[in-house]
Number of protein chains: 2
Amino acid sequence: MAELSTSKEKQILSVAIQVFLERGFHGAKMQEIADRAGVNKAMLHYYFRSKDRLYAMIFEKLFMEFMNSIADSFEAEGDLALTLKHFINSIIDRLRQTPDLPLFVARELSWGGPVVYKTIRRMLQKNRFKTPQIILDEIENAKQRGEIDSSLDPVQFIFTLVGSCIYPFLARPIVESIFPELIENWETLLEQRKEAVFRVLYYGIKGEGTNA
Amino acid sequence: MAELSTSKEKQILSVAIQVFLERGFHGAKMQEIADRAGVNKAMLHYYFRSKDRLYAMIFEKLFMEFMNSIADSFEAEGDLALTLKHFINSIIDRLRQTPDLPLFVARELSWGGPVVYKTIRRMLQKNRFKTPQIILDEIENAKQRGEIDSSLDPVQFIFTLVGSCIYPFLARPIVESIFPELIENWETLLEQRKEAVFRVLYYGIKGEGTNA
DNA sequence: GTCTATAAGTCGATAGAC
DNA sequence: GTCTATCGACTTATAGAC
């Protein structure tokens with residue numbers, strides 16, 4: 001709505017995003033936001049009225065950012081292999097800039113407060129989420145050319161595709177607690193992941209459907 | 001520690017597990033647990049002393065249940081294909097009985113309260129988590145027989161394997177809010193998923209590593 | 001063991017001086 | 001616009017009667 005005029009307002013908002021990302025709505029405290037922003041707690045209410053309103057603003061921004069990260073990564077690149085590669089590289093590079101985003105979205109949606117419901121209902125009405133039509137088309141083409149198995153379930157495949165890319169970000173806290181050495185090379189792991197996901201998925205759908 | 005003697009004690013614990021699963025530590029309220037268990041709020045403190053202690057007990061149980069779901073699903077079945085199939089079927093069937101479990105673990109670990117740290121440190125000391133050695137061995141064997149590409153990164157593959165099975169449970173709230181019709185057939189989707197994951201992953205690692 | 005009533009603490013929100 | 005002080009709602013926890 002209103003422009004973010006003051007620099008202090010932007011400062012608060014930027015810190016609040018971080019705190020909500022890390023802790024979620026219930027875990028986030030106005031006091032911590034104020035402390036980390038270097039301002040008084042009263043300032044938060046002066047600029048943003050209430051915790052609910054501050055959260056609503058941030059949830060909407062972050063949720064759209066997440067959905068757009070996925071939707072915008074679907075781009076036709078000529079053939080299935082290139083389109084797959086582009087999606088995988090793009091989504092991983094986008095999410096690595098806000099690695100807490102997937103878990104934040106999953107957590108807040110699973111709790112499902114009123115702000116969450118309203119935001120999604122509003123977004124469903126105006127800004128219809130893009131379906132991954134590009135990948136669906138490429139799959140159909142590849143099937144007809146005989147490039148991939150014609151019995152492939154496209155919904156399951158997209159689930160596997162998106163999941164394989166997002167899963168590391170969702171599972172990071174779990175993996176970190178058990179195998180901390182894996183996360184020390186987090187950036188390397190993500191780079192290698194791009195290649196690994198492409199190879200398994202692309203050659204996976206090229207293989208013949210011999211076995212049940 | 002102590003035996004769960006009273007039936008009322010078991011009743012409270014069973015309800016508390018559900019509430020913590022749904023809402024996490026910060027979202028769960030003692031009042032709601034008492035109401036849903038049909039007892040007085042004071043009873044909760046009589047039996048479990050404090051919210052922290054009740055949560056600690058439940059977190060430890062649920063975290064172990066989750067880790068064991070994964071570890072126990074790794075079983076040698078003679079060859080790679082059968083071992084993969086068994087893992088996929090087993091982990092999905094176990095998790096479908098407590099579908100909120102993966103998201104609960106991810107959420108609580110990402111927040112990382114003192115109870116969480118203590119529990120994991122204790123488990124790391126005594127009950128060393130099983131590594132998926134069985135799958136690693138099968139992969140090595142299959143490589144030497146030339147059944148699968150020798151350049152396959154086993155860590156990335158296990159990431160993809162476990163992730164592809166767990167991801168639907170983590171992403172369910174997100175998918176449900178955007179494509180509710182997909183979740184209406186949740187059970188069917190999970191059954192189809194077993195087959196889809198096996199085919200993509202097994203034929204994926206059998207494919208030749210021609211392209212970068 | 002079970003309940004009511006209430007203490008004690010936390011957190012969001014605001015009043016009011018500057 | 002900014003700060004201090006404080007209010008009031010909510011939540012955990014306990015005291016004490018039965």
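Numbered from 1 within each chain, the chains take letters A, B, ... in sequence-line order.
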Length of the [atom1]-[atom2] vector between [X] and [N], whole Å:
X: A/E9; N: D/dG1; atom1: CD; atom2: P; value: 9 Å
X: B/R49; N: D/dT12; atom1: CZ; atom2: P; value: 16 Å
X: B/Y55; N: D/dT11; atom1: OH; atom2: P; value: 18 Å
X: A/F20; N: C/dG12; atom1: CZ; atom2: C1'; value: 12 Å
X: A/K29; N: C/dG9; atom1: NZ; atom2: P; value: 17 Å
X: B/M30; N: D/dA13; atom1: CE; atom2: C1'; value: 9 Å
X: B/F48; N: C/dG1; atom1: CZ; atom2: P; value: 13 Å
X: B/R23; N: D/dT11; atom1: CZ; atom2: C1'; value: 15 Å

Within 45° cone of A/W111 ring axis and under 6.0 Å: B/R23 NZ or CZ: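 Here B/R23 fails the 6.0 Å and 45° test against A/W111.
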Answer yes or no for A/K51 and A/F25: cation-pi contact, defined as NZ/CZ to six-membered ring centre under 6.0 Å and angle to ring axis within 45°.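 Positive - A/K51 is close enough to the ring of A/F25 and near enough to its axis.
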Looking at C/dC3, I'd like to know if its phosphate oxygens (OP1 or OP2) sit under 4.0 Å from a side-chain N or O belonging to B/Y46.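 No, outside the criterion.
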Any B/H45 side-chain nitrogen or oxygen under 4.0 Å from OP1 or OP2 of D/dT14: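 B/H45 to D/dT14 OP1/OP2: no side-chain N or O under 4.0 Å.
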Look at the side chain of A/Y47 and decide which nucleotide, out of D/dT2, D/dT12, D/dT14, has an atom nearest to it.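 Nearest listed nucleotide: D/dT2.
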Between C/dT14, D/dT14, D/dA13, which nucleotide has the shortest distance from any of its atoms to the side chain of B/K51?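 For B/K51, the side-chain atoms sit closest to D/dA13.
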B/F159/A/Y167 aromatic ring centres below 6.0 Å: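 For B/F159 and A/Y167, the ring centres are under 6.0 Å apart.
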For B/H45, is there any backbone N or O sitting under 3.5 Å from a side-chain donor or acceptor partner on B/R53?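 Not a single qualifying donor-acceptor pair exists.
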Start with the C-alpha gap between B/E22 and B/R36, add the side-chain angles, then the distance that decides, and say whether salt bridge (Lys or Arg N to Asp or Glu O under 4.0 Å) holds. CA-CA 13 Å; B/E22 291 170 20; B/R36 282 166 62 172; 3.2 Å; yes
Assess the side chains of A/E60 and A/T119: does a donor N or O sit below 3.5 Å from an acceptor N or O?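 The answer is no; no qualifying pair exists.
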Side chains of A/E77 and A/T83 only: does a donor on one sit below 3.5 Å from an acceptor on the other?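 Note: A/E77 and A/T83 side chains miss the donor-acceptor criterion.
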By a strict heavy-atom criterion of less than 4.0 Å, which residues belonging to residues 31-43 of chain A are in contact with DNA chain D?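 Going residue by residue through residues 31-43 of chain A, the ones with a heavy atom under 4.0 Å of DNA chain D turn out to be A/N40, A/A42, A/M43.
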